[in-house]
Chemist: 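I'd like to ask you about the structure that follows.
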Amino acid sequence: MVKAYRPTSLSEALLIRKYHDVIIFNGGTDLMVKYRNWTSVAPNFPKDVLYIGHLDELKHIDEKSDNLIFGSAVTYAQLLKHQHISHDLKNLIEQIGSIAIRNIGTLAGNACNASPAGDILPVLYALNANLTLKSADHSRVVAIHDFIEGPGKTNLRSDEIVTEITLKNQTFSHTFYRKVGTRKANAISKVSVFIVADVRDGRMEDIRITIGACGPKVVRVYEAEQLLKGKIVVEIQNIISEVLNIVANKITPIDDVRSTQEYRTKVACNLIETFLVKELIL
Ligand SMILES: Cc1cc2nc3c(=O)[nH]c(=O)nc-3n(C[C@H](O)[C@H](O)[C@H](O)COP(=O)(O)OP(=O)(O)OC[C@H]3O[C@@H](n4cnc5c(N)ncnc54)[C@H](O)[C@@H]3O)c2cc1C
């Protein structure tokens with residue numbers, strides 16, 4: 001029988017984490033699937049469980065200087081109601097899970113689960129998110145691309161808890177997100193593409209391109225971004241095939257139960273072409 005810890009403060013949670021080998025349980029929407037058991041039987045957790053999803057100290061959403069800061073127990077539903085969250089980000093969040101999942105699922109859980117198909121991860125990569133990791137003895141800040149080391153693998157230490165996620169609160173002239181799944185709700189992405197771009201006076205000042213479910217980690221296509229940056233938008237038509245070539249060479253999708261390598265490559269390239277031609281140049 002496993003023990004369940006329900007601390008009343010973050011400092012208590014950090015002490016439990018320091019002295020006990022526990023699974024951190026936030027919304028539990030990934031964990032309850034991972035350790036599912038027969039119907040009506042309690043989940044099969046291999047070790048003790050530490051609940052953190054109820055802790056008020058992890059539920060804040062703040063706007064400080066140029067940053068948006070989310071406590072790690074902030075749910076998708078909380079983000080959907082919040083004034084500081086852009087309309088584009090809310091549209092994206094509405095494509096994650098279902099209402100029930102969004103009511104308890106968290107960004108931090110998505111990041112710590114480190115699935116290459118995690119739908120919030122392309123956003124975190126594109127917006128250069130930093131995670132604050134705390135233990136009873138120290139605190140450190142790690143960039144998302146260093147935090148996630150591979151599928152299901154992060155560099156979280158055994159005494160740490162992710163307490164905050166920080167994003168630069170930048171505005172972009174264009175935001176594009178497409179998630180391709182088997183159906184509209186409760187579907188794991190076969191491919192996802194997230195792009196933010198900033199076009200001023202007809203010139204591409206900034207662009208970030210991230211692709212989910214097409215490699216062991218979310219792929220940020222820096223080489224394609226470099227090629228596009230500084231270009232006059234109407235001239236981008238001439239380099240689209242070069243951009244798509246870079247993308248096709250950069251991603252490393254696999255064949256699995258959800259899709260094939262060929263399909264994923266084709267769809268990722270088609271979506272980026274759709275953005276460049278239909279949303280940018282037209
Ligand atoms: C029906 C269904 C539909 C879903 N649909 C989608 C979807 O469309 N898109 C998508 O991306 N995902 C989807 N998911 C997966 C899941 O809902 C998300 O990944 C969600 O964001 C996980 O958050 P959580 O708080 O529930 O994580 P949890 O299950 O609580 O935790 C996930 C992992 O992160 C660790 N963890 C959580 N918080 C912390 C922390 N603060 N510090 C350290 N470690 C931590 C946990 O120990 C665990 O290993 C779906 C799941 C279900 C069951």
Side-chain angles (χ1 to χ4, degrees), residues 2 4-5 7 10 13-14 16-18 20-36 43 45-55 57-60 70-80 91-125 129 131-135 139-140 142 144 147-149 151-166 177-192 194 210 212-213 218 258:
V2 297
Y5 294 95
L10 177 59
L14 292 171
I16 294 167
R17 185 84 170 125
K18 179 172 179 176
H20 302 274
D21 184 17
V22 289
I23 296 172
I24 297 171
F25 190 109
N26 204 339
T29 58
D30 274 315
L31 287 172
M32 293 300 277
V33 173
K34 187 169 179 187
Y35 298 117
R36 70 181 171 275
F45 289 112
K47 46 187 175 177
D48 294 346
V49 174
L50 170 62
Y51 288 97
I52 60 161
H54 60 289
L55 293 175
E57 291 150 285
L58 302 178
K59 287 200 169 288
H60 54 282
F70 310 104
S72 64
V74 167
T75 62
Y76 297 115
Q78 234 182 304
L79 293 174
L80 285 175
N91 275 344
L92 186 156
I93 290 169
E94 277 176 339
Q95 297 178 53
I96 296 179
S98 57
I99 292 174
I101 294 295
R102 293 194 292 270
N103 277 342
I104 50 172
T106 64
L107 259 75
N110 203 256
C112 295
N113 196 48
S115 160
D119 282 325
I120 211 69
L121 297 182
V123 179
L124 300 187
Y125 275 73
L131 283 76
T132 302
L133 281 54
K134 281 196 176 151
S135 76
S139 169
R140 62 187 178 118
V142 182
I144 185 74
F147 179 70
I148 296 183
E149 296 180 332
K153 202 164 175 284
T154 68
N155 79 4
L156 187 77
R157 296 178 192 147
S158 61
D159 60 345
E160 289 176 330
I161 294 176
V162 173
T163 56
E164 279 180 347
I165 297 183
T166 305
Y177 178 68
R178 293 289 184 281
K179 162 179 174 166
V180 180
T182 305
R183 50 182 187 266
K184 278 255 176 205
N186 278 339
I188 297 174
S189 291
K190 297 176 182 190
V191 183
S192 66
F194 179 73
T210 50
V218 165
R258 281 194 291 280

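None of the values given here were measured: they were computed from a predicted structure. Numbering of ligands and ligand atoms starts at 1, following listing order.
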Chemist: Could you check whether any side-chain N or O of Lys179 sits under 3.5 Å from a backbone N or O of Ala187, counting only pairs where one atom can act as donor and the other as acceptor?
Modeler: yes
Chemist: Counting heavy atoms only, which of Asp30, Leu131, Leu31 is nearest atom 18 (C) of ligand 1?
Modeler: Asp30
Chemist: Under 4.0 Å from any heavy atom of Ser72, which atoms of ligand 1 are there?
Modeler: 41 (N)
Chemist: Quick check on contacts: which atoms of ligand 1 are under 4.0 angstrom from a heavy atom of Val33?
Modeler: 53 (C)
Chemist: Indicate the atoms forming the closest heavy-atom contact of Pro122 with Thr210, along with that distance.
Modeler: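 It is O-OG1, 3.0 Å.
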Chemist: List the closest protein heavy-atom neighbour of atom 28 (P) of ligand 1: residue, atom name, distance to the nearest 0.1 Å.
Modeler: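 Among all protein heavy atoms, the one nearest atom 28 (P) of ligand 1 is Gly28 N, 3.5 Å.
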Chemist: Counting only heavy atoms closer than 4.0 Å, does ligand 1 sit against the backbone of Leu156, its side chain, both, or neither?
Modeler: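 For Leu156, the contact with ligand 1 is made by the side chain alone.
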Chemist: Atom 46 (C) of ligand 1: which protein heavy atom is closest, and how many Å away?
Modeler: Ile24 O, 3.0 Å
Chemist: Checking a contact table here: which protein heavy atom is nearest atom 21 (O) of ligand 1, and how many Å away?
Modeler: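 The protein heavy atom lying closest is Tyr76 OH, 2.6 Å.
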Chemist: Evaluate Ile23 for polar contact with ligand 1, using N/O atom pairs at a separation under 3.5 Å.
Modeler: no
Chemist: Could you state the interatomic distance from OG (Ser139) to CD1 (Ile161), rounded to the nearest 0.5 Å?
Modeler: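 With rounding to 0.5 Å, OG (Ser139) is 12.0 Å from CD1 (Ile161).
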Chemist: Using a 4.0 Å cutoff against the non-hydrogen atoms of Lys179, which atoms of ligand 1 qualify?
Modeler: 7 (C), 8 (O), 9 (N)
Chemist: If I take atom CG from residue Leu80 and atom CG from residue Asn91, how far apart are they, to the nearest 0.5 angstrom?
Modeler: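 Those atoms lie 9.5 Å apart.
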Chemist: Any heavy atom of Ser115 sitting closer than 4.0 Å to ligand 1?
Modeler: no
Chemist: Salt bridge (charged side-chain N to carboxylate O under 4.0 Å, His left out) with Arg140: which residues, sequence neighbours excluded?
Modeler: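 Arg140 satisfies salt bridge (charged side-chain N to carboxylate O under 4.0 Å, His left out) with Glu160 only.
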Chemist: For atom 42 (N) of ligand 1, which of Val162, Asn113, Ile188 has the closest heavy atom?
Modeler: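 Selected option, by shortest heavy-atom distance: Val162.
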Chemist: Between the candidates Leu55, Asn26, Val22, which shows the shortest non-hydrogen contact distance to atom 37 (C) of ligand 1?
Modeler: Asn26
Chemist: For ligand 1, which part of Ser98 has a heavy atom less than 4.0 Å away: the side chain, the backbone, both, or neither?
Modeler: neither
Chemist: Would Ile52 count as being in polar contact with ligand 1, using the rule that some N or O on each side must be under 3.5 angstrom apart?
Modeler: no
Chemist: Can you find an N/O atom of Ile120 closer than 3.5 Å to an N/O atom of ligand 1?
Modeler: no
Chemist: Give the atoms of ligand 1, by number and element, whose distance to some non-hydrogen atom of Gly27 is under 4.0 Å.
Modeler: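 What qualifies from ligand 1 is 24 (P), 25 (O), 26 (O), 30 (O).
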Chemist: Can you tell me how far the CD1 atom of Ile24 sits from the CZ atom of Arg17, to the nearest 0.5 Å?
Modeler: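 Output value for this atom pair is 3.5 Å.
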Chemist: Which residue holds the protein heavy atom closest to atom 12 (N) of ligand 1, what is that atom called, and what is the gap in Å?
Modeler: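 Of the protein heavy atoms, Asn110 ND2, 3.7 Å lies nearest.
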Chemist: For atom 6 (C) of ligand 1, what is the nearest protein heavy atom, given as residue, atom name and distance?
Modeler: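 Closest protein heavy atom to atom 6 (C) of ligand 1: Gly97 N, 3.7 Å.
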Chemist: NZ of Lys59 to OG of Ser72: how many Å apart, nearest 0.5 Å?
Modeler: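 Interatomic distance, Lys59 NZ to Ser72 OG, rounded to 0.5 Å: 9.0 Å.
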Chemist: Does an N or O from Asp119, backbone or side chain, lie closer than 3.5 Å to an N or O of ligand 1?
Modeler: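 Yes.
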Chemist: Hey, which atoms in ligand 1 end up nearer than 4.0 Å to a heavy atom of Ala187?
Modeler: 8 (O)
Chemist: Main chain of Phe194, side chain of Arg178: is a donor-acceptor contact present, judged purely on distance under 3.5 Å?
Modeler: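 Such a contact is absent between Arg178 side chain and Phe194 backbone.
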Chemist: Using the ring of each side chain (for Trp, its six-membered ring), is Tyr5 parallel, tilted or perpendicular to His20, with breaks at 30° and 60°?
Modeler: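 Judged by the thresholds at 30° and 60°, the geometry between Tyr5 and His20 is tilted.
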Chemist: Of Asp119, Thr75, Ile120, which meets side-chain contact (heavy atoms from CB on, under 4.5 Å) against Ile93?
Modeler: Ile120
Chemist: Can you name the atoms of ligand 1, numbered from 1 with element, that are less than 4.0 Å from a heavy atom of Ile101?
Modeler: 1 (C), 2 (C), 3 (C), 17 (O), 52 (C), 53 (C)
Chemist: Quick one: nearest non-hydrogen protein atom to atom 25 (O) of ligand 1, plus distance?
Modeler: Thr106 OG1, 2.6 Å
Chemist: Just wondering, are more than 12 heavy atoms of other shown residues or ligands nearer than 6.0 Å to NZ in Lys134?
Modeler: no
Chemist: Considering only protein heavy atoms, which is closest to atom 35 (C) of ligand 1, and at what distance to one decimal place?
Modeler: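 Ranked first by proximity to atom 35 (C) of ligand 1 is Cys112 CB, 3.5 Å.
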Chemist: Check if Glu160 has a non-hydrogen atom at a distance under 4.0 Å from any atom of ligand 1.
Modeler: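 No.
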Chemist: Could you identify the single nearest non-hydrogen protein atom to atom 20 (C) of ligand 1 and state the distance to 0.1 Å?
Modeler: Thr29 OG1, 3.5 Å
Chemist: Near Ile101 CD1, under 6.0 Å, is it more than 12 heavy atoms from other residues, nucleotides or ligands?
Modeler: yes
Chemist: Identify the heavy atoms of Gly53 and Asn26 that sit nearest to each other, and give their distance.
Modeler: CA-OD1, 3.6 Å
Chemist: Looking only at non-hydrogen atoms, find the nearest pair between Ile148 and Ala114 and report the distance.
Modeler: CG2-CB, 4.0 Å
Chemist: For the atom pair CD1 (Ile96) and OG1 (Thr29), what is the distance rounded to the nearest 0.5 Å?
Modeler: 10.0 Å
Chemist: List ligand 1 atoms under 4.0 Å from Gly118, heavy atoms only on the residue side.
Modeler: 11 (O)
